[in-house]
Protein chains: 4
Amino acid sequence: MGSKYKELKRECYEANMQLNALGLVIHTFGNVSAVDRATGAFAIKPSGVPYEELNAEDIVVVDYDANTVDGNLRPSSDTKTHAFLYKNWDDIGGIAHTHATYSVAWAQAQQDIPIFGTTHADHLTTDIPCAPPMSDELIAGNYEHNTGIQILECFKKKEISHTEVEMVLLGNHGPFTWGENAAKAVYNSTILEAVAQMAYLTLQINPQALRLKDSLIKKHHDRKHGKDAYYGQ
Amino acid sequence: MGSKYKELKRECYEANMQLNALGLVIHTFGNVSAVDRATGAFAIKPSGVPYEELNAEDIVVVDYDANTVDGNLRPSSDTKTHAFLYKNWDDIGGIAHTHATYSVAWAQAQQDIPIFGTTHADHLTTDIPCAPPMSDELIAGNYEHNTGIQILECFKKKEISHTEVEMVLLGNHGPFTWGENAAKAVYNSTILEAVAQMAYLTLQINPQALRLKDSLIKKHHDRKHGKDAYYGQ
Amino acid sequence: MGSKYKELKRECYEANMQLNALGLVIHTFGNVSAVDRATGAFAIKPSGVPYEELNAEDIVVVDYDANTVDGNLRPSSDTKTHAFLYKNWDDIGGIAHTHATYSVAWAQAQQDIPIFGTTHADHLTTDIPCAPPMSDELIAGNYEHNTGIQILECFKKKEISHTEVEMVLLGNHGPFTWGENAAKAVYNSTILEAVAQMAYLTLQINPQALRLKDSLIKKHHDRKHGKDAYYGQ
Amino acid sequence: MGSKYKELKRECYEANMQLNALGLVIHTFGNVSAVDRATGAFAIKPSGVPYEELNAEDIVVVDYDANTVDGNLRPSSDTKTHAFLYKNWDDIGGIAHTHATYSVAWAQAQQDIPIFGTTHADHLTTDIPCAPPMSDELIAGNYEHNTGIQILECFKKKEISHTEVEMVLLGNHGPFTWGENAAKAVYNSTILEAVAQMAYLTLQINPQALRLKDSLIKKHHDRKHGKDAYYGQ
């Protein structure tokens, strides 16, 4: 039974260990998941296990309703948020959640990260959205499930697409990022943290710093992701 | 005689070395202690010994009045503060004192660290208290003993419990943290430093940043420490 | 055919790997080139290849019009900027482009880095120039070629020499640096990043900090680069 | 002849390598010297040699007038400043000069570092002095010799003793530190950098932060350096 998910758990394990190696989390903070669309299940870090003690066989596999289908440990306390996103966004393959310093600081400041430069525009063409904290009713209810709702409503309200903007800040909490697989989700967490630090410093140097102008946003996005893209191999 | 405390000294030694490895101290700064409630004694770092030169056998064992019961070196100059806390709080097993950068900065600024996010709320539900500097009389008197008094009075005045808030800043000095054992005390020092940095950056980004609302504080605390906790294994 | 450029590609490869080892770039960001004036060609990093996967044989060699003369991969998307600079400045041997944190922050703030101290004056005698973002027409046109034009016009307008000031910030983008060879270009990127961080902190401590006075600028420059220089061997 | 200074050169070499290992300098920045009072000579880093390429035999030995008495390389361009200090302060054994980030930032801001906490008071009881930049006449003259004069005049004007305050900032330049030997001078450079960062952060958190009160300054100094000191072994 376990062997069915062996590769998925390995992918998830390695992405989680990257999170720690890259300095985006300490202790037991954060979690990464990887989905297998064929079986309708995803692998996720077990709850409260330090990265130093984590093994590939500890990874838990759950379905889109967060019911465990493989593994002996309790899955991450954020599992229902992952489940909600996988259910609603059927084109993503991995999700990462970190407590990276600058990303968390912007989330705690409850501010979108303005697009100030081409490092940002190489990856997305809008400000990085910060979803507001939930209402007290939603917090008291199915909290982690409702966190997923909060993310979707933020994207709907701001009219941005999750395939173009693969990251979000949750107000007072921290970042969630996603991508075609778990490694890409972790990659996006590192981009978010780098951009968050650069934007922080930019505003310290010049509180009146201007957002990148539209022509430059378009140019940097198109040369990397447009139909005539010439970035990469 | 020394062998009686061998394990205690080993625990204390390893926790001290962690302090250094984690970048919370440099040179001879800081100290960690570990208590053995059965014998009424605790092990602590010797005074002024660089971490690079510290050996497990150098650890000093003292009683709750700070009298040496084992070891040839002079104990940490902060020993009486540890002794006072062990005497008054009979449910703690270890204490750590660091000069970690962001923790010290908040202590020097003489400000409580506001609870801005869930990273903070996962560990405690109040602001991290900063005890004011002592009166000149207390400083000129039994200084390190009085430092313990200062911590207890701060907790009494703010009506917070040392089992719920396992950390404090001493105004103009730095942090003390504690826990069920020495390793947990060091763990709490790392949490404090991470939260101190995030709170610093939050206020730099948004000087009007709001404290985490009560419903979110309660939710994050309860899911990790409440009676229906579902965080961890 | 490839062997003709073997040494040039090796120099370019090693300089690129330095960029990554020194923490000036992450992932696939940035690029370094090295020119061979005899053959009128320069070697440059291939586009979008992570440093971890880069090999010396992946390096691409192009002429001053950015046409590939050796190599199977697509050259860096910034190749035309390098080409323009090599064509116009026939006395430089290498160019580096990074996304180093503090350098990018100043570029995003669209501000020159003021000369505040001798660390800066040991390397150049003027503020580090920040070229303004291009007009929309130039962006929509031959963007990377026009980036080269933007740099030259900035130097012309500010009346500074590229042999005396071997670095520039591109507004909203990041730094370009150059030198007698690729290693010197990378060296200049590290100097720029160090100076950018020091200047940032200086203004945080003292927003009214004064530029270094002319006599000190002259002294530090002359003792290192003047006709009676006594710095170095 | 060279063997006479072999041990002195070894001490100087190791202290210089520590400077680099501790992250206080990059490339060829900074220098450490060690004096031999018996022969009236001191060993110092050669000028402009990268730490990666430095060997013990490269160290230059000069007398108090900066004339080379041993070694084939040109001594540090700051040699005359060291010579002046050794000549005037006959109780110091080593001097270090760095370009450490936070120390330089305070020097560029031309501000004394206020004594905000016990980390500072454990080492000295006054603000860390920042000497103003020299007059244009002194700069144009015997610059490095005059830098020594500038340091002595700063201490005289502020009525502080070089045996109690083993560090100074040179306005727009950076820190010089000293001590009983070269290793202690380097130790003082690390203390200065740590205190400089903490003071910077303190003022960012609380621009109205108060200096440590006199009773605490006295207490922390006395327990470590007073006649009834009980810190250390």
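Note on naming: letters A, B, ... go to the chains in the order of the sequence lines (proteins, then strands), and numbering restarts at 1 for each one. No experiment lies behind these values; they were computed from the predicted model shown.
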Visitor: Testing the basics here: between Pro175(D) and Leu169(D), what is the closest heavy-atom pair and its distance to 0.1 Å?
Guide: CB-CD2, 3.9 Å

Visitor: Less than 4.5 Å to any heavy atom of chain D: does that hold for the side chain of Leu203(B), its backbone, both, or neither?
Guide: neither

Visitor: With a 4.5 Å cut-off on heavy-atom pairs, point out which of Val49(B), Leu73(B), Ile26(B) contacts chain D the most.
Guide: Leu73(B)

Visitor: For chain B, which of Ala194(D), Gly232(D), Ala209(D) has the most heavy-atom pairs under 4.5 Å?
Guide: Gly232(D)

Visitor: Nearest 0.5 Å, what's the CD1-CG distance between Ile115(D) and Leu212(D)?
Guide: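 Ile115(D) CD1 to Leu212(D) CG: 5.5 Å, rounded to 0.5 Å.
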
Visitor: Locate the shortest heavy-atom distance separating Val186(D) from Ala15(D); write the atom from each residue and the value.
Guide: CG2-O, 3.6 Å

Visitor: Between chain D and chain B, which N and O donor-acceptor pairs fall under 3.5 Å? A table would be great.
Guide:
unit_1: Phe116(D); atom_1: O; unit_2: Asn172(B); atom_2: ND2; d: 2.8
unit_1: Gly117(D); atom_1: N; unit_2: Gln108(B); atom_2: OE1; d: 3.4
unit_1: Thr118(D); atom_1: N; unit_2: Asn172(B); atom_2: O; d: 2.9
unit_1: Thr119(D); atom_1: OG1; unit_2: His99(B); atom_2: ND1; d: 2.9
unit_1: Thr190(D); atom_1: OG1; unit_2: His27(B); atom_2: NE2; d: 2.6
unit_1: Thr202(D); atom_1: OG1; unit_2: Gln108(B); atom_2: NE2; d: 2.8
unit_1: Gln204(D); atom_1: O; unit_2: Gln204(B); atom_2: NE2; d: 3.3
unit_1: Asn206(D); atom_1: ND2; unit_2: Ala109(B); atom_2: O; d: 3.1
unit_1: Lys213(D); atom_1: NZ; unit_2: Met134(B); atom_2: O; d: 2.5
unit_1: Lys213(D); atom_1: NZ; unit_2: Asp136(B); atom_2: OD1; d: 3.2
unit_1: Ser215(D); atom_1: OG; unit_2: Asp136(B); atom_2: OD1; d: 2.7
unit_1: His220(D); atom_1: NE2; unit_2: Tyr143(B); atom_2: OH; d: 2.7
unit_1: Arg223(D); atom_1: NH1; unit_2: Asp78(B); atom_2: OD1; d: 3.3
unit_1: Arg223(D); atom_1: NH1; unit_2: Glu144(B); atom_2: OE2; d: 2.6
unit_1: Arg223(D); atom_1: NH2; unit_2: Ser77(B); atom_2: OG; d: 3.4
unit_1: Arg223(D); atom_1: NH2; unit_2: Asp78(B); atom_2: OD1; d: 3.4
unit_1: Tyr230(D); atom_1: O; unit_2: Arg74(B); atom_2: NH1; d: 3.2
unit_1: Tyr230(D); atom_1: OH; unit_2: Glu144(B); atom_2: OE1; d: 3.2
unit_1: Tyr230(D); atom_1: OH; unit_2: Glu144(B); atom_2: OE2; d: 2.7
unit_1: Tyr231(D); atom_1: OH; unit_2: Thr28(B); atom_2: OG1; d: 2.7
unit_1: Gly232(D); atom_1: N; unit_2: Ser47(B); atom_2: OG; d: 2.6
unit_1: Gly232(D); atom_1: O; unit_2: Arg74(B); atom_2: NH1; d: 3.3
unit_1: Gln233(D); atom_1: OE1; unit_2: Arg74(B); atom_2: N; d: 2.8
unit_1: Gln233(D); atom_1: NE2; unit_2: Ser47(B); atom_2: O; d: 2.9
unit_1: Gln233(D); atom_1: NE2; unit_2: Arg74(B); atom_2: O; d: 2.9

Visitor: Is there side-chain contact between Leu138(B) and Ile149(B), with at least one heavy-atom pair below 4.5 Å?
Guide: no

Visitor: Of the non-hydrogen atoms in Ala43(D) and Ile59(D), which two are nearest, and what is the gap between them?
Guide: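 Taking every non-hydrogen atom into account, CB-CG2, 3.6 Å.
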
Visitor: How long is the gap from CD1 on Ile128(D) to CG on Leu192(D), to the nearest 0.5 Å?
Guide: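 Interatomic distance, Ile128(D) CD1 to Leu192(D) CG, rounded to 0.5 Å: 5.0 Å.
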
Visitor: Considering all heavy atoms of both residues, which atom of Ala41(D) and which atom of Val35(D) are nearest to each other, and what is their separation?
Guide: O-CG2, 3.4 Å

